[in-house]
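Since we're looking at a predicted model, the values are computed, not measured.
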Amino acid sequence: MHIVKLKATSKDEIIKENLELTIFADEIELIHQFLENVNRLRDARILENGIPVLTNIKWEEESGFSFEFSEFDCKDISELLHVARPIILDKEPASFKKVCDLLGKKGKGTVLAKHLKSLRNLYVRGEYQPYFQFAVNNTPLFHDETLKLWLNGAEYHQDKEKKEHIEGLEKILSKDITRSVFLSQLSGKLKSIFLLAHLTKLILEKSQS
């Protein structure tokens, strides 16, 4: 068992707290595993130039809305999704969700809990959903549940019903645009993952001091 002491300050510096977190050996191991997974994620080739982002939205009378994204190499997508899998699939042993839940219970009612809530919001809502939304056949494009449809229908589990749903979007948007939409949605998840990794690394360092 380790007693980890942290000093937490809100962004506006109005709230300052001294925290004491009790971390057990199995929880330390969980954090270690999460950080190992994050280190593998950092080495993904597609991150060298940054995750694809939405650069422009255009409206044309004949074709309607169209989306433009920063360039990326399609060959690097599989690697990114492979190394991200142990983190973004909730049921994995050291997923983002499990680490957040662990620390959330440790810091309940504190600035730490508020910080974790903001990370969860970024992780789930992404960088675009708070500002705008587009729907195709009543399916919101910039939404975590739609992203999960893509991951489980086209990439990870290849669920038949979900795959057919994604293929329906591809017929309307094109396969490249559909894939770019979902990859750009991952930017919020990646930012929140790396922010959580910074926090967990600090906790590990404090547990060893």
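Counting heavy atoms from C-beta on, the side chains of F134 and V181 never come closer than 4.5 Å.
Screening residues 24-38 for side-chain hydrogen bond (donor to acceptor under 3.5 Å, both in side chains), with sequence neighbours left out, gives E27-K106. The side-chain hydrogen bond (donor to acceptor under 3.5 Å, both in side chains) contacts involving residues 183-202 comprise E127-S187, E127-K191, D144-K189, where partners must be two or more places apart or lie in separate chains. The side-chain hydrogen bond (donor to acceptor under 3.5 Å, both in side chains) analysis of residues 83-97, with sequence neighbours excluded, yields the pairs K97-D101. Sequence neighbours left out, the pairs with a member in residues 88-129 that pass ring pair (Phe, Tyr, Trp, His ring centres under 6.0 Å) are F96-Y123, Y128-F132, Y128-F142. Pairs of residues two or more places apart, or lying in two chains, never qualify as ring pair (Phe, Tyr, Trp, His ring centres under 6.0 Å) while including a residue from residues 69-90.
For R120 against G104, the heavy-atom pair with the smallest separation is NH2-CA, 4.4 Å.
In this view, D43 satisfies the side-chain contact (heavy atoms from CB on, under 4.5 Å) rule with no residue, not counting sequence neighbours. For D76, the side chain to side chain donor-acceptor pair (under 3.5 Å) partners two or more places apart in sequence, or in a different chain, are R45. E48 pairs by the salt bridge (Lys or Arg N to Asp or Glu O under 4.0 Å) definition with nothing, not counting sequence neighbours. Under the side-chain contact (heavy atoms from CB on, under 4.5 Å) criterion, V83 pairs with R40, L41, A44, not counting sequence neighbours. For the side-chain contact (heavy atoms from CB on, under 4.5 Å) test, residues two or more places apart in sequence or in another chain that qualify with S70 are P52, V53, T55. Contacts of P140 classified as side-chain contact (heavy atoms from CB on, under 4.5 Å), with partners at least two apart in sequence or in another chain: Q133, H143, T146.
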Listing, residues 160-176 side-chain donor-acceptor contacts under 3.5 Å, not counting sequence neighbours, or none:
residue: H165; atom: NE2; partner: T139; partner atom: OG1; Å: 2.9
residue: S174; atom: OG; partner: I177; partner atom: N; Å: 3.2
residue: D176; atom: OD1; partner: R179; partner atom: NH2; Å: 2.7

